[in-house]
Amino acid sequence: MMRRLALALFLLACCALPAEAACTVSATNVVFGTYTGALLEYRGTITVNCSYGATYHVGLDGGNSGSVTARTMVNGAYKLNYALTSGSYTGTNWGNTTGSWVSGTGSGRNQTIYVYGKLAAAQYVAPSATMYTDPTITVTVSGGTFTTVHATFTVTATVVKDCGVSATALGFGNYTGAVNNASATVTVTCTNTTPYTVGLGPGLATGATVITRQMAITQPAGALNYSLLTGSYTGTNWGNTSPTWFSGNGTGAAQPLTVYGVIPAGQHPTPGSYTDTITATVTY
């Protein structure tokens, strides 16, 4: 009787089958929030649970653009470029092939992997009350010992109107009493379709206005009259109220605007270096 029991236990141990490796995966959305043209970063998560010892690879597809190196969110005909990387915000671009995917070894419990989203600065696309979105990024977890599994997440951002402005110096050089002309550039970059105005202030001279601008010298005191114009050296005075300001519409690209400076002839100021500071104001 005891010999038959031993044989039954032996057969049971001999015929037991190893458990098949398996994985599950889930992901959170990448939500950049409000974009005004400044750099935005957001960290999402991918959660993988694979059998202990199972080697796995986590890949991300190209989503809306079809390209893992040129990802885009869209709103109608407009596009907003972004990137997904692994390791850090400056890490490796995350794709779905060897060298660009993320690999790991299962522990039999949840393992968190971070996906780093970056929305580069200075993209002046059209603002909209609705979001820009890449609606479906597919996460693929594959390996040689289990069935491939998938999850998806969405990438979103809301673009609001924004403008940036920069300017070059206007240097007249030497003034000898004859008319002296020089120009500078004010560069405006606004979100696509955003209307804007650019006004130039009166400067720092005491009592100066946008019509009677003056450069000044402090030691000894002195003043040199000049004008700032739009269109040409004989154009319209450029002020900071309608209709003397410049009006335009953003294109998403930098728009250079020429400021024409004129020192009238016939002035006899004290010799020296004359300066003024003009504030360019963009309203949108």
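Both backbone and side-chain heavy atoms feed into the values below; hydrogens, waters and symmetry mates do not. Note that the structure is a prediction, hence the values are computed from the model and not measured.
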To the nearest 0.5 Å, what is the distance between [atom1] on [X] and [atom2] on [Y]?
X	Y	atom1	atom2	result
Thr156	Asn75	OG1	CG	12.0 Å
Thr176	Gln267	OG1	CD	11.5 Å
Leu204	Thr275	CG	OG1	8.0 Å
Met215	Ile278	CE	CD1	9.5 Å
Thr85	Glu41	OG1	CD	8.5 Å
Tyr260	Thr258	OH	OG1	4.5 Å

Verify the cluster assignment for [X] and [Y]: are they in a single hydrophobic cluster under the rule of side-chain heavy atoms below 4.5 Å apart?
X	Y	result
Tyr56	Leu60	yes
Val74	Phe32	no
Val102	Val139	yes
Val282	Leu257	yes
Leu229	Phe246	no

Kindly say whether [Y] contributes a backbone atom to a donor-acceptor pair with the side chain of [X] at under 3.5 angstrom?
X	Y	result
Thr197	Ser247	no
Thr152	Ile137	no
Tyr274	Thr270	yes
Asp61	Gly63	yes
Asn180	Val262	no
Lys118	Ala83	no
Thr194	Lys161	no
Gln111	Cys50	no
Arg213	Gly201	yes
Thr154	Pro135	yes

Less than 3.5 Å apart, any donor N or O on the side chain of [X] or [Y] sitting next to an acceptor on the other?
X	Y	value
Gln123	Tyr82	no
Thr140	His150	yes
Thr234	Ser232	yes
Thr45	Thr112	no
Thr69	Ser67	yes
Ser103	His57	yes

Checking side chain to side chain contact (heavy atoms under 4.5 Å, CB included) against Tyr35, which of Val160, Leu80, Thr158, Thr191 comes through?
->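 Checked Val160, Leu80, Thr158, Thr191 against Tyr35; only one passes side chain to side chain contact (heavy atoms under 4.5 Å, CB included): Leu80.
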
Quickly, which of Val125, Leu119, Thr130, Thr36 forms a side chain to side chain contact (heavy atoms under 4.5 Å, CB included) with Val159? Name it, please.
->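 So the option named by the test is Val125.
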
Take atom OH in Tyr233; do more than 12 heavy atoms of anything else shown fall under 6.0 Å from it?
->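 Check passes, neighbour count above 12.
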
Between Leu200 and Val259, does a side-chain contact (heavy atoms from CB on, under 4.5 Å) hold up when you go through it step by step?
-> CA-CA 10 Å; Leu200 300 183; Val259 182; 3.9 Å; yes

Considering only heavy atoms from C-beta outward, does the side chain of [X] approach that of [Y] to under 4.5 Å?
X	Y	answer
Thr279	Thr281	yes
Val141	Phe146	yes
Tyr132	Lys79	no
Tyr284	Asp162	yes
Val198	Val186	yes
Leu224	Tyr175	yes

For residues [X] and [Y], report the shortest heavy-atom separation together with the two atoms involved.
X	Y	answer
Gly59	Trp101	CA-CB, 4.0 Å
Tyr78	Thr193	OH-CG2, 3.8 Å
Ser142	Thr148	CB-OG1, 3.7 Å
Asp276	Pro202	OD2-O, 4.1 Å
Gly87	Tyr116	C-CE1, 3.4 Å
Asn93	Val68	ND2-O, 2.9 Å

Kindly determine whether Val25 and Val58 satisfy side-chain contact (heavy atoms from CB on, under 4.5 Å), including the steps that lead there.
-> CA-CA 9 Å; Val25 60; Val58 184; 5.7 Å; no

Show your working on side-chain contact (heavy atoms from CB on, under 4.5 Å) between Leu84 and Phe153 and close with a plain yes or no.
-> CA-CA 12 Å; Leu84 298 176; Phe153 64 88; 4.0 Å; yes

Please report the C-alpha distance between Asn49 and Asn110 in whole Å, then the side-chain angles of each, then the deciding distance to 0.1 Å, and finally whether the side-chain hydrogen bond (donor to acceptor under 3.5 Å, both in side chains) criterion is met.
-> CA-CA 5 Å; Asn49 189 326; Asn110 287 345; 3.1 Å; yes

Leu170 and Leu228: side-chain contact (heavy atoms from CB on, under 4.5 Å), yes or no, with the steps?
-> CA-CA 10 Å; Leu170 195 158; Leu228 298 178; 3.8 Å; yes

